[in-house]
Amino acid sequence: MERSVADFLAMGGYAPYVWSSYGAWCVVMLANLAGALGALKAAKARARRRFESAASDDGGERS
Amino acid sequence: MTPRRKRLLLVGGILVGVATATTVATFAFRENLSYFYNPTQVTDGAVPRGRSFRVGGLVTKGSLHREPGKLEVRFVVTDLNRDVTVQYAGVLPDLFREGQGIIAHGKLDPSGVFVADEVLAKHDEKYMPPEVAQSLKHKPNAEGGGT
Amino acid sequence: MATWTWFHRLASPPHVYRISGAFLPWLALFTALFIGYGFYGGLVLAPPDYQQKDAFRIIYVHAPSAWLSMLAYVTVAVAAAVGLIWRMKVAHAVAASAAPIGASFTFLALLTGSLWGKPMWGTWWTWDARLTSELILLFLYLGYLALRGAFDDRARADQASAVLAIVGVVNIPIIHFSVVWWNSLHQGSTVMKLARPSMPGSMLWPLLSSLLGFTLLFAALLCVRLRAEIIDRERTASWLRPIVGAA
């Protein structure tokens with residue numbers, strides 16, 4: 001690639017549009033990843049609490 | 001009929017019903033859903049009177065005129081059948097050039113000139129490196145955005 | 001009936017929980033490889049476009065986002081229909097898991113399209129058929145998620161939201177064919193058509209790689225969200241006990 005780093009970053013004058021597109025993708029995908037992993041972690045914690053409360057009152061938790 | 005078969009038919013029925021309704025609606029409003037009129041429709045008078053609308057077509061080569069010292073430009077838009085003269089004072093998009101597809105929003109003045117308040121550039125779905133475009137240039141219809 | 005066992009096994013929450021976990025590392029690996037090559041190829045290797053110069057490079061993030069916005073919606077609708085017809089809880093879990101991911105890709109398609117439209121077309125937004133139908137898709141996703149949230153009872157939420165998802169699927173062909181059926185500002189399809197793609201290999205391969213990478217990324221995110229949904233739906237099923245670390 002004969003393009004210099006400065007040329008690459010400048011994107012022929014379209015840098016604000018090109019880089020904010022890719023930047024937005026990064027932000028949204030990181031949020032997606034955090035959201036998915038957070039949902040899994042929260043679901044596991046909820047299930048653990050359900051098992052613990054079921055064990056403590058021995059009644060089998062409903063709803 | 002099993003309950004599962006009933007549910008299958010119900011879901012299928014909903015889909016067919018909604019699809020039919022949507023098809024009918026889109027055909028009924030086909031004209032309203034069009035984004036722009038072409039120059040032939042404009043010269044034939046098939047455009048809204050006294051109301052703003054959009055004209056789309058190719059900028060005729062050699063038709064672009066700019067008054068010295070003024071922002072205002074005039075150019076001819078064609079669908080290769082009829083022409084419409086467009087007058088516009090404002091910033092033109094980067095892709096604007098002669099031979100390019102453009103879409104102008106504005107009104108017809110009494111003399112038949114289209115006075116635009118916005119000019120957008122339309123490009124086609126073809127992408128290629130500059131060298132390829134250069135070598136294609138002598139072939140007809142190889143350059144410029146379609147409408 | 002042996003040919004249907006794979007389908008029946010997909011109705012088993014522990015089985016789906018297990019296979020979604022087994023797929024996950026592979027999906028993550030190939031997501032990184034394909035998106036990595038797609039973005040590197042698109043931003044560095046591909047030549048600039050003869051008309052749009054470097055601004056055309058937005059296509060490598062815009063087109064795959066738009067593709068996923070539609071694929072994710074079809075996933076939601078098909079899973080919801082399977083859930084309704086076969087009373088399959090796992091299918092409803094798939095629908096519920098795919099919707100927020102699809103909404104995020106729809107948002108990205110609209111945002112990156114806006115960032116591409118401003119320098120090339122000359123406007124951030126316009127009400128042409130393609131842009132409008134894609135915006136309606138975002139509202140369908142948001143409506144679906146809001147409808148789910150409005151019910152306390154999960155079974156009722158599954159049923160009501162499934163009907164909305166199935167009705168809304170008619171918007172998908174409208175988005176795809178909007179640029180064919182009506183004249184619009186948005187151009188036609190470059191890749192997603194029966195004819196040859198309208199770009200040379202140097203530009204095309206990174207785009208195909210990016211499209212595949214985004215699809216795998218969606219699958220990976222779906223696996224994680226699906227596992228969370230299954231845990232919530234399985235309540236206190238005994239197979240969950242070791243998974244969530246309960247005594």
* **Any C/Met203 side-chain heavy atom under 4.5 Å of B/Pro129 side chain** => yes
* Side chains of B/Arg7 and C/Arg87: does their closest heavy-atom pair fall under 4.5 Å? -> yes
* Asked: Which answer fits C/Leu204, side chain, backbone, both or neither, if we ask what part of it has an atom under 4.5 Å from a heavy atom of chain B?
  -> neither
* Asked: Any side-chain heavy atom of C/Gln52 within less than 4.5 Å of one from B/Tyr127?
  -> yes
* Structure fact -> Counting heavy-atom pairs under 4.5 Å with chain B, the top scorer among C/Thr132, C/Val169, C/Thr123 is C/Thr123
* To do: Could you tell me which residues in residues 186-198 of chain C have at least one non-hydrogen atom under 4.5 Å from a non-hydrogen atom of chain B, sorted by residue number?
  => C/His186, C/Gln187, C/Gly188, C/Ser189, C/Thr190, C/Lys193, C/Ser198
* To do: Please step through side chain to side chain contact (heavy atoms under 4.5 Å, CB included) for the pair B/Tyr35 and C/Thr126, ending with a clear verdict.
  => CA-CA 9 Å; B/Tyr35 187 65; C/Thr126 189; 2.3 Å; yes
* Asked: Tell me, side chain or backbone of B/Val119 under 4.5 Å from chain C's heavy atoms, or both, or neither?
  -> backbone
* Asked: Can you find a heavy atom in the side chain of B/Lys122 that is under 4.5 Å from one in the side chain of C/Trp121?
  -> no
* Has the side chain of C/Asp49 got a donor or acceptor atom that lies under 3.5 Å from a matching backbone atom of B/Met128? -> yes
* **Nearest-0.5 Å distance, CD1 of residue C/Ile85 to CG of residue B/Leu8** => 4.5 Å
* Structure fact -> Of C/Asn183, C/Ile166, C/Asp128, the largest count of non-hydrogen pairs under 4.5 angstrom with chain B goes to C/Asn183
* So, C/Gln51 and B/His123: side-chain donor and acceptor under 3.5 Å apart, yes or no? -> no
* Nearest-0.5 Å distance, NZ of residue C/Lys118 to CG of residue B/Asp94 -> 10.0 Å
